[in-house]
Amino acid sequence: MRTQGMIGAGILGLGLALGGCASTPPSPYEKAAGEYEGVLPCADCSGIQVDLEMMNMDDTGGAYVLDSLYQGRSEEPMKTQGNFLILNDAGPQHLPTVYELKGSGGNTIYYLRPLDNGDLEVLDTRMGVISSGADMTLKRQ
């Protein structure tokens, strides 16, 4: 009888251990979380150095901190903070996923499209791909 109890306890322990290995897939906000940087084109300066940190708040929402330094125009970056939303089937091209950075006043700061390699592509104000030939990518760090 004692052997059966030990076998039962062993099977229960194995089941609990294997159950602990199973994890839920990351939420879209967890996938977006990270640090990104790049230099975007600027009409009246040599470029905009962008440093973006996106944070998963509770798997149902995200926040960000954006530092934008206008090269040759300012010495201090402009800091913007707010929340980001994840939009699906977005824009005129029906992009599968777009991140919308919202400022503290509710205004849209950027639309960003996640790329397969983990980087983000900056989109235009209508969520369309910008075809200027300039590098519109923020690289995941």
Side-chain angles (χ1 to χ4, degrees), residues 2-141:
R2 183 179 167 137
T3 305
Q4 287 178 338
M6 290 177 63
I7 291 173
I11 290 173
L12 177 62
L14 180 62
L16 290 173
L18 291 176
C21 292
S23 63
T24 59
S27 76
Y29 291 95
E30 285 178 297
K31 286 182 184 179
E35 295 182 24
Y36 305 86
E37 65 181 44
V39 178
L40 300 176
C42 177
D44 60 353
C45 68
S46 60
I48 306 168
Q49 173 65 46
V50 174
D51 294 306
L52 172 63
E53 181 180 6
M54 297 175 68
M55 298 155 284
N56 172 33
M57 300 309 290
D58 61 5
D59 294 340
T60 61
Y64 73 89
V65 176
L66 174 69
D67 289 330
S68 303
L69 177 67
Y70 288 76
Q71 298 174 338
R73 264 192 21 201
S74 61
E75 305 254 336
E76 287 293 316
M78 182 175 68
K79 185 178 285 286
T80 307
Q81 300 182 94
N83 296 317
F84 71 91
L85 304 171
I86 296 179
L87 310 174
N88 296 307
D89 193 28
Q93 297 167 329
H94 300 283
L95 299 171
T97 305
V98 171
Y99 304 145
E100 180 181 16
L101 303 186
K102 299 290 253 178
S104 58
N107 56 318
T108 298
I109 306 297
Y110 281 119
Y111 291 111
L112 304 166
R113 175 176 73 142
L115 301 175
D116 291 339
N117 65 0
D119 296 343
L120 299 177
E121 180 181 23
V122 178
L123 302 173
D124 68 18
T125 58
R126 295 177 13 169
M127 292 183 256
V129 174
I130 299 171
S131 58
S132 68
D135 185 6
M136 300 302 293
T137 309
L138 301 179
K139 308 269 188 246
R140 184 182 277 274
Q141 300 304 299

Within-4.5 Å side-chain heavy-atom neighbours: Leu85 and Lys102: yes
Ile130 vs Glu121 side-chain heavy atoms within contact, under 4.5 Å: no
Residues Leu66, Tyr110; criterion side chain to side chain contact (heavy atoms under 4.5 Å, CB included); working and verdict: CA-CA 10 Å; Leu66 174 69; Tyr110 281 119; 3.7 Å; yes
Flag side-chain contact, heavy atom, 4.5 Å: Ile48 against Val39: no
Close side-chain approach of Glu37 to Arg140, heavy-atom, < 4.5 Å: no
Value rounded to 0.5 Å, distance of OG in Ser68 from CE in Met78: 5.0 Å
Result of checking Leu101, Asp124, Leu87 against Tyr111 for side-chain contact (heavy atoms from CB on, under 4.5 Å): Leu87
Side-chain heavy-atom pair Gln93, Val129 within 4.5 angstrom cut-off: yes
Heavy-atom pair with the smallest gap, counting every atom of Pro25 and Glu30: O-OE1, 4.4 Å
Residue pair Val98, Leu112: steps toward the side chain to side chain contact (heavy atoms under 4.5 Å, CB included) verdict: CA-CA 6 Å; Val98 171; Leu112 304 166; 6.0 Å; no
Considering all heavy atoms, the nearest Met54-Ala32 contact: CB-O, 3.8 Å
Audit row: Leu120, Lys139, side chain to side chain contact (heavy atoms under 4.5 Å, CB included) steps and yes/no: CA-CA 7 Å; Leu120 299 177; Lys139 308 269 188 246; over 6 Å; no
Closest contact, heavy atoms only, Cys42 versus Tyr70: SG-CD2, 4.0 Å
Residues forming a side-chain hydrogen bond (donor to acceptor under 3.5 Å, both in side chains) with Asp67, sequence neighbours excluded: Lys79
Candidate pair Ile86 and Tyr99, rule side chain to side chain contact (heavy atoms under 4.5 Å, CB included), full reasoning: CA-CA 5 Å; Ile86 296 179; Tyr99 304 145; 3.8 Å; yes
Close side-chain approach of Leu69 to Glu75, heavy-atom, < 4.5 Å: no
Leu40 side chain near Leu138 side chain, heavy-atom distance below 4.5 Å: yes
Nearest-0.5 Å distance, CG of residue Asp119 to CZ of residue Arg113: 11.5 Å
CG-CD1 distance between Leu52 and Ile109, expressed to the nearest 0.5 angstrom: 11.0 Å
Minimal non-hydrogen separation, Ser46 against Gly72, with atom names: OG-N, 4.4 Å
Where Ala90 and Met127 come nearest, the two heavy atoms and their spacing: CB-SD, 3.6 Å
Heavy-atom closest pair, residues Asn56 and Ala33: N-CB, 3.8 Å
Pair listing, disulfide bond (SG atoms under 2.5 Å apart) test, anchored in residues 63-141, at least two apart: none
Any Pro41 side-chain heavy atom under 4.5 Å of Met136 side chain: yes
No-hydrogen, no-angle side-chain donor-acceptor test under 3.5 Å, Glu100 and Thr108: yes
Between Tyr29 and Phe84, ring centroids under 6.0 Å: yes
